[in-house]
Amino acid sequence: MANVVSVSPKVSNYTRDLIGEIIAKNPGEPEFHQAATEVYESLDLVMERRPEYRSAKIPERVAEPERLIMFRVSWQDDQGRFQVNRGCRIEMNSAIGPYKGGLRFHPSVNLGILKFLAFEQVFKNSLTTLPMGGGKGGSDFDPKGKSDHEVMRFCQSFMNELFRHIGPDTDVPAGDIGVGGREIGFLFGQYKKLRNEFTGVLTGKGLNWGGSLIRPEATGYGAVYFAAEMLGTRGESLSGKTCLVSGSGNVAQYTVEKLLQLGAKPVTLSDSNGYIYDEAGIDSEKLKFMMDLKNVRRGRIKDYADRFKGVVFTPIDPRLDYNPLWNHKAHCAFPSATQNEISGKDAQNLLRNGVYVVSEGANMPTTLDGVRLFLDAKILYGPGKAANAGGVATSGLEMSQNSMRLSWTREEVDARLHGIMKAIHKSCVEASSAFGTAGNYVNGANIAGFLKVADAMMDQGLV
Ligand code: NDP
Ligand code: 2IT
């Protein structure tokens, strides 16, 4: 689902030309064009006040990966057939720390998608308060329907090339769509075999071999903490709020778990086949069933509707120009599946149904026209690079624990995560106010994330 980009008529000619050049330089990468347009529109306000960034070509340099590695991944399936996929790692920006960001294994993966993710990661990581640069990688390999052995052979082959480019002080990958604990385990095992080094080169590791407590929960928990902070600005809480959640993977699962702990009522979940609407609310027993279904049995969300009474499953209907999941009465929405899952029409439906809090667990789940509708409506709209930063922030905490060769308790990591989400919220609020757009978390996140990276680049000279 690519979103055609139109630049806002409100921006300066400088910004319009800049976006035009980036689009021309990166043909066929609509998701990257979209992410860049959103960020540079926000930065229009900064470039007027800080002309030194313009002459140092900071915006142009930030849009250009420091390094892009693309490689062949050959592996053998269970029938003995040879298979070939494409692997990639984009090392986007290392101004404030080693490259850091997830790996995505999904058939839709291409250069434009990885570049948008790597670009977003730079600003997100800057917002976390921790010293991490930005990167992203992955493959068009589809883990769905593959045996554990096939996944292992693929991961080993992927690492046979990637190992020479990464390291605990160079580039530290982690999970994303299609890459969870199982895949990180296989990747780590192969890295260790090739390098003969036990180091914190990946995050999201198992608990008894260097992983951090709360890392699996962190993205979903963080997105809910961020929503709670936004509601706090209006003197409200999540208690009693009806919430629409999409996806049913890592982020969606722990979003639902934290919503339940805070007294909210999640009513939807989805996967690539369709979505369930559970009017009575997804409770902890149903969540447990769903987590077993998805993480152990690797089944489909439809099974949830078959298992529990009063639940409606709606399959994806490609003829519809909207997603019916976003067309239910609710207070809050937590898109936690994938990019561009909320179109302009979906945004209209959400607003019409009373949704006034959107906290993005996924990366860039809302199209540009959807974003503009949320901003015009002045709802509490937390963009992904702020709202879902808890995942990578806790990866940063895993790196710290690995360097110190100790591990913190669950309570300690959760408290740090919570503190970081509050700090991110505060920086967004302060940056949006400082640039005259109070309450606009998109400007707040883009500006606060950018300034730290830009100043570091200014300090470090023309590299
Ligand atoms: P998972 O692979 O665990 O789950 C992804 C979920 O989204 C699945 O339910 C999947 O359904 C659904 N999905 C994926 N792609 C599509 C698609 N093209 N159309 C419809 N449904 C789709 O991934 P995560 O939960 O880790 O990631 C979800 C989102 O959160 C992504 O945008 C990711 O970039 C973002 N994110 C993840 C972080 C993390 O720590 N894991 C951190 C920050 C952001 P199905 O199984 O049928 O494919
Ligand atoms: O998009 C993301 O922030 C992630 N997939 C997590 C990255 C990480 O390094 O933990």
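Hydrogens, waters and symmetry mates play no part in the numbers below; they use all other heavy atoms, side chains included. Counting convention: from 1, in listed order, for ligands and their atoms alike. In what follows, residues are counted from 1 in the order of the sequence shown. Not measured: the values here are computed from a predicted model.
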Considering only protein heavy atoms, which is closest to [atom], and at what distance to one decimal place?
{"atom": "atom 10 (O) of ligand 2", "result": "S395 OG, 2.5 Å"}
{"atom": "atom 6 (C) of ligand 2", "result": "R215 NH2, 3.5 Å"}
{"atom": "atom 2 (C) of ligand 2", "result": "K124 NZ, 3.2 Å"}
{"atom": "atom 7 (C) of ligand 2", "result": "G102 N, 3.5 Å"}
{"atom": "atom 9 (O) of ligand 2", "result": "K100 NZ, 2.7 Å"}

Can you confirm whether or not the ring centre of [X] sits under 6.0 Å from the ring centre of [Y]?
{"X": "Y277", "Y": "F313", "answer": "no"}
{"X": "F186", "Y": "H149", "answer": "no"}
{"X": "F450", "Y": "Y40", "answer": "no"}
{"X": "Y441", "Y": "Y381", "answer": "no"}
{"X": "W209", "Y": "F198", "answer": "no"}
{"X": "F32", "Y": "F119", "answer": "yes"}

Run the contact test for [X] against ligand 1 with a 4.0 Å cut-off on heavy atoms, strictly below, and give the result.
{"X": "G178", "result": "yes"}
{"X": "K144", "result": "yes"}
{"X": "R104", "result": "yes"}
{"X": "S270", "result": "yes"}
{"X": "G180", "result": "no"}
{"X": "E341", "result": "no"}

(Q) For a salt bridge (Lys or Arg N to Asp or Glu O under 4.0 Å) check, start with the C-alpha distance between K100 and D171, then their side-chain angles and the critical distance, and finish with the verdict. (A) CA-CA 6 Å; K100 180 82 195 90; D171 184 355; over 6 Å; no
Which of the atoms in ligand 2, numbered in the order shown and given with their element, are less than 4.0 Å from a heavy-atom of [X]?
{"X": "K136", "result": "1 (O), 2 (C), 4 (C), 5 (N)"}
{"X": "A174", "result": "8 (C), 9 (O), 10 (O)"}
{"X": "G101", "result": "7 (C), 9 (O)"}
{"X": "G175", "result": "4 (C), 5 (N), 6 (C)"}

Q) Backbone or side chain, does any N or O of V172 fall under 3.5 Å from an N or O of ligand 2? A)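 For ligand 2, there is no N or O atom that lies under 3.5 Å from one belonging to V172.
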Electrostatic pair [X]-[Y], nearest N-O below 4.0 angstrom:
{"X": "R153", "Y": "D78", "answer": "yes"}
{"X": "K288", "Y": "D292", "answer": "no"}
{"X": "R372", "Y": "E41", "answer": "yes"}
{"X": "K205", "Y": "E398", "answer": "yes"}
{"X": "E279", "Y": "K329", "answer": "no"}

Any N/O of [X] closer than 3.5 Å to an N/O of ligand 1?
{"X": "G175", "value": "no"}
{"X": "N363", "value": "yes"}
{"X": "S248", "value": "yes"}
{"X": "R215", "value": "yes"}

I'd like to check which ligand 1 atoms, numbered from 1 as shown, lie under 4.0 Å from a non-hydrogen atom of [X].
{"X": "R300", "value": "45 (P), 46 (O), 47 (O)"}
{"X": "T219", "value": "38 (C), 39 (C), 40 (O), 42 (C), 43 (C)"}
{"X": "S336", "value": "28 (C), 29 (C)"}
{"X": "H106", "value": "15 (N)"}
{"X": "N388", "value": "43 (C), 44 (C)"}

Could you name the option among [options] that has the heavy atom nearest to [atom]?
{"atom": "atom 17 (C) of ligand 1", "options": "T338, T394, V179, I113", "answer": "T338"}
{"atom": "atom 6 (C) of ligand 1", "options": "A362, G102, S395, G249", "answer": "G249"}
{"atom": "atom 30 (O) of ligand 1", "options": "G220, G361, G101", "answer": "G361"}
{"atom": "atom 29 (C) of ligand 1", "options": "P143, A337, P216, G274", "answer": "A337"}

Q) Could K258 and Y221 be counted as a cation-pi pair, given that NZ or CZ must be under 6.0 Å from the ring centre and within 45° of the axis? A)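 Yes, K258 and Y221 form such a contact.
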Q: Please determine if K294 forms a cation-pi arrangement with F289, meaning its NZ or CZ atom is less than 6.0 Å from the six-membered ring centre and no more than 45° off the ring axis.
A: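 The answer is no, since K294 fails at least one limit relative to F289.
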Q: Quick one: look at N363 and ligand 2, take heavy-atom pairs under 4.0 Å, and tell me if it's side chain, backbone, both or neither.
A: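 Side chain only.
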Q | Qualifying residue, where the test is side-chain contact (heavy atoms from CB on, under 4.5 Å) with I23 and the options are E29, H33, Q34 | A |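 When E29, H33, Q34 are each tested with I23, the side-chain contact (heavy atoms from CB on, under 4.5 Å) holds only for H33.
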Q.
Quick check on R104 - does any of its heavy atoms sit under 4.0 Å from an atom of ligand 2?
A.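 No, R104 has no heavy atom closer than 4.0 Å to ligand 2.
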Q. Can you tell if the side chain of D321 reaches within under 4.5 Å of the side chain of S343, non-hydrogen atoms only?
A.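 Side chain of D321 against side chain of S343, heavy atoms only: no contact under 4.5 Å found.
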**Q.** Flag side-chain contact, heavy atom, 4.5 Å: M290 against I276
**A.**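 No, too far: nothing below the 4.5 Å cut-off.
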Q) So with a 6.0 Å cut-off around NZ of K302, is the heavy-atom count from everything else above 12? A)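 No.
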